[in-house]
Amino acid sequence: MKRILFATSNEHKFREAESVLKAYSIKIVHANVSFPEIRADECSTVARSTATTAFEQLREHVIVEDSGLFVEALNGFPGAYSAWAYKKIGSKGLLELLKNEGNRKAEFVSAIAFTDGKKTEIFEGRIEGEITQKERGKNGFAFDVVFAPVGSVKTFAEDTEYKQKKSHRRKSFEKFAEWYLNYLKKHEG
Ligand code: ITT
């Protein structure tokens, strides 16, 4: 098994990533730390910067992930500010903002940044869906209770198996894993 640090203060993110990566025999170790994040509209910009900060402190190959929910009718809000928005208004607050809105389209985005201290690589995953009319489901975290992905009538919080198969995080981590196995071959072979 190959080991790599995943720096995140979010236990849910870690578990979702772990379950994708074990199929590739890549073992991630949880560095339960959070670093100051820059403000930017794109998750990839935030992730790239946080990876550099994480490497400076941890001095090991590290990945970080920045993600968010981009709601079309709100011009992409809360987007890269999702963690902050969730703390402030929660998913009930988001439903309130969309109360009289017919356009419920939204997209989850996950951007992973890997760095070895010399170069940083970015991997993105996305999933489109709709914001439901009310909260549904008990599993998952944060906005999972109000997000129903295209192709399913259930929210991520109602159907975690579907989330695990199709999510933005599944896609970004699969891209990362495929790239990382090659990276290891080149650097260790
Ligand atoms: P770290 O920065 O320490 O990794 P965090 O939770 O603060 O943890 P982000 O800054 O990337 O991570 O914020 C991501 C936020 O986007 C998260 O807190 C949720 O509000 C939302 N989000 C992202 N992915 C999600 C998912 O799969 N399900 C529900 N909400 C999600």
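Residue numbers count from 1 along this sequence. We count ligands from 1, going down the list as the structure has it; atoms in each ligand are counted the same way.
Residue Gly68 places a heavy atom less than 4.0 Å from ligand 1. Every heavy atom of His12 sits 4.0 Å or more from the atoms of ligand 1.
Taking every heavy atom of Tyr86 and a limit of under 4.0 angstrom, the matching atoms of ligand 1 come to 20 (O). Atoms of ligand 1 found under 4.0 Å from any heavy atom of His168 (numbered from 1 in listed order, with element): 24 (N), 25 (C), 26 (C), 27 (O). In the vicinity of Thr8, heavy-atom distances shorter than 4.0 Å reach the ligand 1 atoms 1 (P), 3 (O), 4 (O), 8 (O). Close contacts between ligand 1 and Ala142 involve ligand atoms 19 (C), 20 (O), 29 (C), 30 (N) [criterion: under 4.0 Å to a heavy atom]. Of all atoms in ligand 1, numbered sequentially from 1 with element shown, those under 4.0 Å from a heavy atom of Asp144 are 26 (C), 27 (O), 28 (N), 29 (C). Each of the following atoms of ligand 1 lies closer than 4.0 Å to a heavy atom of Glu65: 4 (O), 11 (O). With ligand atoms numbered from 1 in the order given, ligand 1 contributes 6 (O), 8 (O) to contacts under 4.0 Å with heavy atoms of Asn10.
Among protein heavy atoms, the minimum distance from atom 21 (C) of ligand 1 is reached at Ser82 CB, 3.8 Å. Given atom 22 (N) of ligand 1, the protein heavy atom at minimum distance is Phe108 CE2, 3.8 Å. Scanning the protein for heavy atoms near atom 15 (C) of ligand 1, the closest one is Ala83 N, 3.6 Å. Atom 24 (N) of ligand 1 has Arg169 NH2, 2.9 Å as its closest protein atom, hydrogens excluded (heavy atom only).
Looking at heavy atoms from C-beta onward, Val109 lies out of side-chain contact with His168 at the 4.5 angstrom threshold. Phe108 has its side chain within reach of Asp144: a pair of non-hydrogen atoms, C-beta onward, lies under 4.5 Å apart. Looking at heavy atoms from C-beta onward, Phe156 lies in side-chain contact with Pro149 at the 4.5 angstrom threshold.
The salt bridge (Lys or Arg N to Asp or Glu O under 4.0 Å) test with Arg169 is passed by exactly one of Glu174, Glu65, Glu124: Glu65. Only one option out of Arg136, Lys138, Lys163 pairs with Glu158 in a side-chain hydrogen bond (donor to acceptor under 3.5 Å, both in side chains); it is Arg136.
Which of Glu11, Lys13, Lys163, Glu37 comes nearest to atom 27 (O) of ligand 1 through a heavy atom is settled by distance: it is Lys163. Comparing heavy-atom distances from atom 23 (C) of ligand 1 across Ala47, Ser67, Cys43 singles out Ser67 as nearest. Taking only non-hydrogen atoms, the option from Phe143, Phe14, Phe141 nearest to atom 25 (C) of ligand 1 is Phe141.
The existence of a salt bridge linking Lys105 and Glu128 is excluded, since no basic side-chain nitrogen approaches an acidic carboxylate oxygen closer than 4.0 Å.
Aromatic ring orientation, Phe176 versus Phe173: perpendicular (interplanar angle above 60°, classes split at 30° and 60°). Ring geometry for Phe141 against His12 counts as parallel: the plane angle stays under 30°, on a 0 to 90° scale with 60° as the upper cut.
More than 12 heavy atoms of other residues, nucleotides or ligands sit less than 6.0 Å from atom CG of Asn32. Within 6.0 Å of NZ in Lys166 there are 12 or fewer heavy atoms belonging to other residues, nucleotides or ligands.
When only interatomic distances are considered, the shortest N/O to N/O separation between Ser9 and ligand 1 falls below 3.5 Å.
For Phe114 and Tyr183, the ring centers sit closer than 6.0 Å to each other.
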